[in-house]
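Input: a single structure, listed below in structure tokens.
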Amino acid sequence: MPFMKGPAPIRRTLKYLESGKLFFRKSVKIFSINYNTSGNHHEGARDFVFWYLPQIQYKNPSVQVITFKNMTPTPFIHCFFGNGEKLLLDIFGKKKEEILDHVIRVVGKSEHTLNVEAQLKEKTENPANFGYYCDRHCICEIPGQVTCPGIKPLPKEMRGKYKYAKE
């Protein structure tokens, strides 16, 4: 398997990517992280990029994620919002878990919001649901079901007046 080569190939598995905890708010448009490839105070930022950035990109496809290496004396995260605002997070000397927790707290969705969105997604994406506010208006739109009698007449065996007239 070619994707299982390199350092820590577990990062490329779908199970690992789906286990990410960071979901950005809808207002976050760009997430950039600046760090150096050497230095002790940049170690947490390097580990954060190595372990958590693939999960962040997978879980937030509408957010542009940028990394800048060896351009700054101190590591930091810069978030740009849709209304033009900017947010600067200092990650100097922090470990990767501390950085992730801080980013989740500041620009991530809360647990309550995630639970509400999961419930709404579960309700709307069930293929058995039909009617108003669902993907399908009528059960006849589902493959394998009988079409609507207004579009194509039902066979006489399925109509009540013919079925009971035989008895």
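Everything quoted here is computed from the prediction, not taken from an experiment. Numbers here simply count residues along the sequence, with the first being 1.
Note on Leu87 and Val103: same hydrophobic cluster, where clusters join Ile, Leu, Val, Met, Phe, Trp and Tyr whose side-chain heavy atoms are under 4.5 Å apart, directly or indirectly. Tyr35 and Ile30 end up in different hydrophobic clusters when Ile, Leu, Val, Met, Phe, Trp and Tyr side chains are linked at under 4.5 Å. Ile66 is connected to Met71 through a chain of hydrophobic side-chain contacts under 4.5 Å among Ile, Leu, Val, Met, Phe, Trp and Tyr, so both are in one cluster. Cluster membership for Phe23 and Ile99, using ILVMFWY side-chain heavy atoms within less than 4.5 angstrom, is not shared. Cluster membership check: Val107 does not share its hydrophobic cluster with Phe80, using side-chain heavy-atom separations under 4.5 Å among Ile, Leu, Val, Met, Phe, Trp and Tyr.
Judged by distance alone, with hydrogens and angles left aside, the side-chain atoms of Asp47 form no donor-acceptor pair with the main-chain N or O of Lys95 at under 3.5 Å. Looking at Arg46, its side chain does come within 3.5 Å of a backbone N or O of Gly39 through a donor-acceptor pair. For Lys86 (side chain) and Cys79 (main-chain N/O), no donor-acceptor pair under 3.5 Å exists by modelled atom type. Checking side-chain atoms of Asn60 against main-chain N and O of Leu22 turns up a donor-acceptor pair under 3.5 Å. In this structure, Tyr16 contributes its side chain and Trp51 its backbone to a donor-acceptor pair below 3.5 Å.
The CD1 atom of Ile33 lies 11.0 Å from the OG1 atom of Thr72; values are rounded to the nearest 0.5 Å.
Environment of CG in Asn40: sparse, with no more than 12 heavy atoms of neighbouring residues, nucleotides or ligands closer than 6.0 Å. Counted within 6.0 Å of CD on Glu18, heavy atoms from surrounding residues, nucleotides or ligands total more than 12; the atom is thus considered enclosed.
Under the 6.0 Å cut-off for aromatic ring centres, His41 and Phe92 qualify, their centroids lying closer than that.
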